[in-house]
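Beneath this line is the structure, given in structure tokens, with notes to follow.
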Amino acid sequence: MWATAVAGLFLNWQSAVATGLAAGAVGFAAWRKAWWTRTCAIALLISGPVAAAWVGSNVLRAETHPLRLAANEGRGTTLTVELDTRPKGIRADGFGGQRAGVGHVIIKASTDDGARLVLLAPADKWRDLLPGQRVTAKGTLAPPRGGDLASALLRVRGPPIDPRPPPPWQTWADDHRDGLRQASAVLDDEEAGLLPALVVGDTEQMVPRIVDEFRAAGLAHLLAVSGANLAIVCGAVYLLLRKLGPRKAAGAALVALVGFVLLAGPEPSVLRAAVMGAVALLALGLGRERSAVPSLAAAVLVLVVVDPALGGDPGFALSVIATAALVLLAPRWARALKQRGVPNGVAEAVVVPTAASLVTAPVVAGLSGQVSLVSVVANLVAGPVVAPATVLGVLAAVIAPWWPGAAELLVRVAGPAVTWLVQVGRQAATVPGAAVGWPKGWTGAVALTVVVAVTVLLLRLKKTRTLIVAVLVGGFVVLVPLKVVAPDWPPAGWKVLSCDVGQGDALVLATDDADRAVLVDTGPDPGAVDRCLKTLGIKKIPLLVLTHLHADHVGGLDAVLTGRAVGAVAVGPLKEPEWAWREVNVKARAHGVRVIEPKAGERYALPGLELEVLGPRRPPVAEDGNTTVNDYSLVLKAHTRAGRVLLTGDVELAGQAALLGEPDLSAEVLKVPHHGSRYSLPAFLEAVRPRVALVSVGEGNRYGHPSPHVIDVLRSGGALVLRTDKDGDLAVLPGNRIVRRRRDGLGQVVQRSPPDRRRQRGVRVGDVAAELLGHAVAARRAQARFRFLHLRNGRRRRTRTHLPCDGDTRAPAHAGGDAGGGVRPRLGARVRRRSADRSARLARLLLQRVEARKPVAATDCGMARGRGAGRAARGGEPAPVSAHRLG
């Protein structure tokens, strides 16, 4: 039944019919030839055709519904639907003025004629709705992603229209969930978000850092309601009332089961556990206690028949597979350990997490793209406190609406257990090699299934058991202990390190003290910057600089302040956006850290490191828009033992022009402004003349960062350009050495040195070819861009004139960001006549590509060049220099 549902959901209705009929044919052949018992053969003979007819018809109806045709055409529509699930938030990383958080929710719904829909709606307008409510939604239809019975996806932009009241039991459950959230507020933020997730699967208040740590530690299953929660609740009720008799105790446990399902919601794992628990409680009432396998089989059959879409749900698959492992594998392994002298309690404590982790590893790897190597130990250590925390949390949720004070008392009692879980996940996630990367999707899941199956089979054979154990032990020695004894990261003697934090900035400047460094920006993700600092061993941060208050630079602030000694947080003069400035003050005050505002000309000195504030020098201007905030970024020049480092934040054209008036902008290392945005002045890049250019950018970002034109200008100036999306973490060492650690596999350390400008004076044909190959100058861009580059080696020169330019010189950006690349010259521009000899022209172009040092950039008004605008834009005399020494 389950295999038929999977074939239909992920392929088509024909595959479902073929799978079911094939299963029936196997059952018929087994019945005729007596391969198995007659009961098994008859069961397969009946269930196969039934699954083929039922699942195939449901998939066919979803594929041929009129909404699917309208979705393929992208039509707009207004529908009245009934919500089937609670709104589930989709968390997005912040960028620019848009803060990180849940911006949209996903809701499953049904129409009056039985068609299923998935609603993608704004979170602030739809997050309070409940299952069973009827609402009218207006939006645009789109094809579904597959894997369920949805006929279409409806993108909703406005609020729900004419929402009806929810059913009374849904209102009751929502009141109790709200009561638990309010009672949990007496704990710290991390524990307050974890307790509702542990008890009823409510992850709305979860701290993102905890989610990442639990995934790496193999504890993510605790954040979703599963059979373990139901077993704890129903088991506690049954044990308390068992003196009344097995039937009365089982009946009371069944009532608790129904109430808990209403409280947690109709999640796939909850439904599976509820059906299986109901069958088990029925067996207890009838005196048939050994019914684990039949109850699991009945749960799968009933749920897939009632809702075939559950067959493709990852939560349902994880729940069924884990339960099957605990029913079929754990008892056998526990008996084998007991026969070898292991105590009963120790054997069961070791076997249960091992069996569950082993059989669910392929599904988890396919979903997350990683395999946790510490999950067994982490679950073993965390297991004893899960039951008391769950029971206390359920009791708090039950009495919270009527007695909030008692609910808060229960939450405080459960607090130490929840804190223990937080610390277990954090310490397990910090183990080197705690999680190993693995291919995502079906390929990764199938590959790991084969690896696990072959390993288990070989371990059962005496001849291969020793070899397999040796291979496994050797692998763990390579992956985990070797990294602890002889870590390959960070490289010895690093002075500047750009952390790979995705689409954002986080740059660390080392001091002479091994555990002390200055951090410039914190990136968009708390987990990424926290992992980077832990890897570097940074425990003290005398100065934390936030160049500006955009989300991709301040998102990881809380993680940096937690568990580290921070001297001060430095911010720029423009306190925009307002929400970010408010959060910075609140978080800094909560950790007892002062907030300062450096002025242009000030200096900060530490052992082995000196910081000079270059800008901004202009007074802040209250204007809306990301560009204004970017141009008021703090700009610093760091004097390190690896050379000068220019830290530019996200300054764009106006901010860079204002800096051109500085006496000396040159630096050996440049943190490229605004993730390599095309809004960069070539004159500014020429004034810096970096040997190394570091671009902190996210892989596959939708802003087009970095711009190919900016990269070409930097490389033509002799800089070695490195990007975090391709090269990972980037470390700069004295002697112009660069070490990078890639994110693929276990990580790779490669040393590179910037190109030597002295070697570029005499250019040969081989140098031209190497330059083209190394910089990947595509043929499709060569003709479009080279035609308006000034050839410096030609005998005759013609001046170019352009028509007057009206309006803004900036090209429009799409999707809220930069598209990357240059812009075309304006119509009517006169360019130098090209040579009639194509081979000679091509040779000159190639030579110019290597020899040219005059930076030029295509804009709507021609080529941006020169430094005169910088002095005028800055205005006034430089501020007096003051010095600060940080301890």
Given side chains that start at C-beta, do those of V424 and L219 come closer than 4.5 Å, heavy atoms only?
yes
Closest non-hydrogen atoms of A445 and T449, given as atom of the first, atom of the second and distance, are O-OG1, 2.7 Å
Smallest heavy-atom separation, S357 atom then N379 atom, equals OG-ND2, 4.3 Å
- More than 12 non-hydrogen atoms from neighbouring residues, nucleotides or ligands closer than 6.0 Å to NZ on K539, yes or no? no
Nearest heavy-atom contact between A23 and G48 is CB-CA, 4.2 Å
Hey, are the side chains of T535 and R741 touching, using non-hydrogen atoms and a 4.5 Å cut-off? yes
Fill in: From CA spacing to verdict: side chain to side chain contact (heavy atoms under 4.5 Å, CB included), L318, H221
CA-CA 9 Å; L318 287 171; H221 61 90; over 6 Å; no
Distance col, row F10:CZ vs S15:OG, nearest 0.5 angstrom, shows 12.5 Å
> Under 3.5 Å, side chain of W54 to main-chain N/O of V305, donor-acceptor pair present?
Replying inline: yes
Scanning both residues in full, the closest heavy-atom pair of G218 with S372 reads N-OG, 3.6 Å
Side chains of D525 and D212 in contact at under 4.5 Å (non-hydrogen atoms)
yes
d(T360 OG1, L448 CG) to nearest 0.5 Å is 10.0 Å
Would the number of heavy atoms belonging to other residues, nucleotides or ligands and lying under 6.0 Å from NZ of K338 be above 12? yes
| query | Are any non-hydrogen side-chain atoms of V300 and M1 less than 4.5 angstrom apart? | reply | no
Can you confirm whether V501 sits close enough to T724 that some side-chain heavy atom of one is under 4.5 Å from a side-chain heavy atom of the other?
no
- Message: Just checking W2: does its CH2 atom have more than 12 heavy atoms from other residues, nucleotides or ligands closer to it than 6.0 angstrom?
- Response: yes
Please lay out, stage by stage, how R723 and L730 fare under the test side chain to side chain contact (heavy atoms under 4.5 Å, CB included).
CA-CA 8 Å; R723 305 164 44 169; L730 304 170; over 6 Å; no
Q. Is the count of non-hydrogen atoms from other residues, nucleotides or ligands lying under 6.0 Å from W333 atom CH2 greater than 12?
A. yes
Non-hydrogen side-chain atoms of L358 and V452 separated by less than 4.5 Å
yes
CD of Q423 to CD of E191, rounded to nearest 0.5 Å, is 8.0 Å
| Heavy-atom count around Q14 CD within 6.0 Å, excluding the residue itself: above 12? | yes
Interatomic distance, CG@L421 vs CD1@I210, rounded to 0.5 Å, equals 10.0 Å
T203 vs V211, test: side chain to side chain contact (heavy atoms under 4.5 Å, CB included). Steps then yes/no. CA-CA 9 Å; T203 59; V211 178; over 6 Å; no
- What's the verdict on side chain to side chain contact (heavy atoms under 4.5 Å, CB included) for V59 and N12, showing C-alpha distance, side-chain angles and the deciding distance? CA-CA 7 Å; V59 176; N12 47 47; 5.7 Å; no
Could you check whether atom CZ of R426 has more than 12 heavy atoms from other residues, nucleotides or ligands sitting under 6.0 Å from it? yes
Residues V207 and E190: closest non-hydrogen pair is CG2-CA, 4.0 Å
Checking the side chain of W438 only, and the main-chain atoms of G444 only, is there a donor and an acceptor separated by less than 3.5 Å?
yes
To the nearest 0.5 Å, atom CG of D500 lies from atom CG of D729 at 5.5 Å
Original post:
Between V350 and T354, is any pair of side-chain heavy atoms under 4.5 Å apart?
Top reply: yes
- So, does T4 use its side chain to make a donor-acceptor pair with the main chain of A52 at under 3.5 Å? no
When V199, T390, V237 are each screened for side-chain contact (heavy atoms from CB on, under 4.5 Å) with I232, the one that passes is T390
Rounded to the nearest 0.5 angstrom, the CG-CG distance for D307 and D313 is 9.0 Å
Between P314 and L367, the two heavy atoms sitting closest are CB-CD1, 3.7 Å
Contact check, side chains of F316 and V304, non-hydrogen atoms, under 4.5 Å = yes
